[in-house]
Amino acid sequence: MLWSLLKILVFVAIIGLLAMGAMFLMETSGGVQITVAGTEFTLGPLQSVIALGVLVVAIWVIFKLLTLLIATLHFLNGDETALSRYFDRSREKRGYQALADGLMALASGEGRVAMNKAAKAEKLLNKPELTNLLVAQAAEMNGDTKKASETYKKLVTNNATRFVGVRGIMKQKLAEGDDDTARKLAEKALAIKPRHAETQDILLGLQTKSQDWAGARSTLTAKLKAGQLPRDVFKRRDAVLALSEAKDILDDSATVEQQEHAIEANRLSPDLVPAAAMAARAYIEKGKPRAATKILKKAWEVQPHPDLAHAFAEIAPDETPAARITRFVALTRIHPEDLETRLILAELNIVAEDFPEARRALGDVVEKQADARAYTLMAAIERGEGSSDAVVQGWLAKALNAPRGPQWVCDNCHDIQPEWGPVCQNCGSFDTLSWQTPQTPEIATATGVHMLPLIVGALEDKVEPEAEPEAEPEEDVVEEAEAPEIIEMEAEPVRPDVEPVRPDVEPVVEKQA
């Protein structure tokens, strides 16, 4: 709107200046005197300017006639294409100018202007490999998907523009949500240009989305060969894909091949926690506990994780709590001050009913970096040591609104995932989940706030009756405190991947498949 108004103002200004110049020339005395063959011609100022313009036009016409005369002479001398080249040069010049104007209009977002210029260029140039692409993109900008699709199909018929046509149709199918057709077109486009980085990325994303892990590994290898991917990143992502192929190794229908994929994933990326856990379970299925222990210890050195502890517990599922504590020393001595190590030790000692040792294992975690899991463990410890219900309920109340601690978070969209996966469930990005504490603070729900009175209770109404002076009831109380019931007061940890500590079941470090 402003640009149109500016053009109108400039046009009016130019007309005004020309009118003022004409009036100035008409009022000016003098002129130009020309003598031809003894005849004098006197021109006034305005007439002189008009004569100069006519002279310029005459010179241009003479030059054009001269070039036409030269082309005619060449034609008469046997050059049959001389005249056609003369007219073609003018047509091509106008065609290329229209093509350039169309590209400028396309870059400026003027789809209708680009369509008109593309049609003009197509008529003048007769070069569809140039003009069809402009027509297709201009049609897409105008929302005419049918016209764009027809033009892309024309590009597919030409060997020189086949890749552009296939890529254009692929982009249309992606916009329509037809991922299956888009994946097939991406495979065809990659067959035409195997080193095209954008097509490789699109195909890899579609293959991981459709869980075509074998095809995705092939595409990933192509990216490595094309130099589009560093080798360390390739090894990490290849391990993720190999792990995805072995995702169901704990099912009854799991094959030996799936177990081998899990072991291969761990070999490619030993620091990948899910790969280490799955590889350990594969070795457990094969009856190789020592190999499983070695894998888990190596992964624990990189990053202590509850999934690794669960897999480590599965190596000897029938051992006693005391024996389990002894065996877990192989893990807990690696990073003794790590938060996960201290929480695991506390859980193991709670199961073994060694509550003072569980409290020592937690240490200052509750004061410095407590989360819902730590508060829940403290509630179990207080219950086990015979504390009052008010104390236990207070710890549970804190656990209700406390942060959940480290979780699987997408590095791309920062969405929190309930469990690890090769693809983010929110944004669909590949290999972006990492075990970390969410950057955004977790906000407790209104439901949780309203539940606090139900958990804590009205403490002022719970006044305990005075103790009887007899000695026998006091001994009974002492005996009850020495053998607390952890099952009744145990609160389920907030983290979805950790089970509650209960003495009648496997400890928290055993994760269900």
Side-chain angles (χ1 to χ4, degrees), residues 1-15 60 64 81 83-193 195-203 205-206:
M1 184 67 180
L2 293 176
W3 176 242
S4 300
L5 180 61
L6 181 61
K7 288 192 292 185
I8 293 172
L9 293 176
V10 171
F11 177 75
V12 172
I14 292 174
I15 296 298
W60 179 81
K64 287 293 182 181
T81 62
L83 289 176
S84 61
R85 288 202 309 272
Y86 171 78
F87 292 106
D88 287 344
R89 280 197 297 269
S90 176
R91 186 170 58 251
E92 286 183 357
K93 183 178 180 181
R94 288 183 288 128
Y96 281 120
Q97 184 61 46
L99 183 63
D101 293 341
L103 292 174
M104 291 298 295
L106 190 66
S108 303
E110 300 175 302
R112 191 175 298 278
V113 177
M115 279 290 294
N116 295 334
K117 295 295 183 180
K120 183 179 179 181
E122 185 178 13
K123 182 179 179 181
L124 292 173
L125 291 177
N126 194 24
K127 291 185 176 181
E129 64 274 9
L130 294 178
T131 57
N132 280 341
L133 180 58
L134 179 59
V135 170
Q137 293 183 347
E140 284 185 340
M141 184 173 291
N142 284 335
D144 190 355
T145 56
K146 183 178 180 181
K147 176 69 174 177
S149 180
E150 292 175 354
T151 309
Y152 280 130
K153 290 178 181 178
K154 293 179 182 178
L155 291 171
V156 172
T157 59
N158 190 337
N159 290 331
T161 59
R162 187 185 302 277
F163 174 78
V164 178
V166 173
R167 178 177 174 272
I169 299 174
M170 176 191 69
K171 289 292 188 67
Q172 284 189 322
K173 296 301 180 181
L174 283 174
E176 295 172 1
D178 189 356
D179 292 341
D180 292 337
T181 306
R183 181 159 58 91
K184 295 177 182 178
L185 291 170
E187 292 173 353
K188 290 183 179 179
L190 201 61
I192 299 172
K193 281 192 175 182
R195 302 176 68 88
H196 194 263
E198 182 193 30
T199 307
Q200 290 175 343
D201 293 335
I202 292 175
L203 180 57
L206 292 172

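The first residue in the sequence is number 1, and the count goes up from there. Predicted model, so just to flag it, every value in this text is computed and none were measured.
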Donor-acceptor contacts, no H, no angles, side chain residues 175-185, under 3.5 Å, sequence neighbours left out:
unit_1 : atom_1 : unit_2 : atom_2 : d
Asp178 : OD1    : Thr181 : N      : 3.4
Asp178 : OD1    : Thr181 : OG1    : 3.2
Asp178 : OD2    : Thr181 : OG1    : 2.7
Asp179 : OD2    : Lys209 : NZ     : 2.9

Legend entry - Contact check, side chains of Lys153 and Thr157, non-hydrogen atoms, under 4.5 Å: no
Inset, instruction - Report yes if the side chains of Asn132 and Thr161 come closer than 4.5 Å at any heavy-atom pair, otherwise no. - result: no
Legend entry - Thr145: partners by side chain to side chain contact (heavy atoms under 4.5 Å, CB included), with sequence neighbours left out: Gln172
Inset, instruction - Please collect all side chain to side chain donor-acceptor pair (under 3.5 Å) contacts where either partner lies in residues 105-121, sequence neighbours excluded, each pair once. - result: none
Legend entry - side chain to side chain donor-acceptor pair (under 3.5 Å) partners of Thr151, counting only residues at least two apart: none
Legend entry - Counterpart residues, side chain to side chain donor-acceptor pair (under 3.5 Å), relative to Arg162 (two or more places apart): Asn159
Legend entry - Listed partners of Lys171 passing salt bridge (charged side-chain N to carboxylate O under 4.0 Å, His left out), at least two apart: Glu198
Legend entry - Spatial distance of atom CG (Leu9) from atom CD1 (Ile14) [nearest 0.5 Å]: 11.5 Å
Inset, instruction - Starting at NZ of Lys193, measure out to OG1 of Thr199 and round the result to the nearest 0.5 Å. - result: 8.5 Å
Inset, instruction - Decide side chain to side chain contact (heavy atoms under 4.5 Å, CB included) for Arg167 and His196; before the verdict, give the C-alpha distance in whole Å, the side-chain angles of both, and the deciding distance to 0.1 Å. - result: CA-CA 11 Å; Arg167 178 177 174 272; His196 194 263; 4.2 Å; yes
Legend entry - Identified side chain to side chain contact (heavy atoms under 4.5 Å, CB included) partner of Val164 from the options Ile169, Val156, Leu133: Leu133
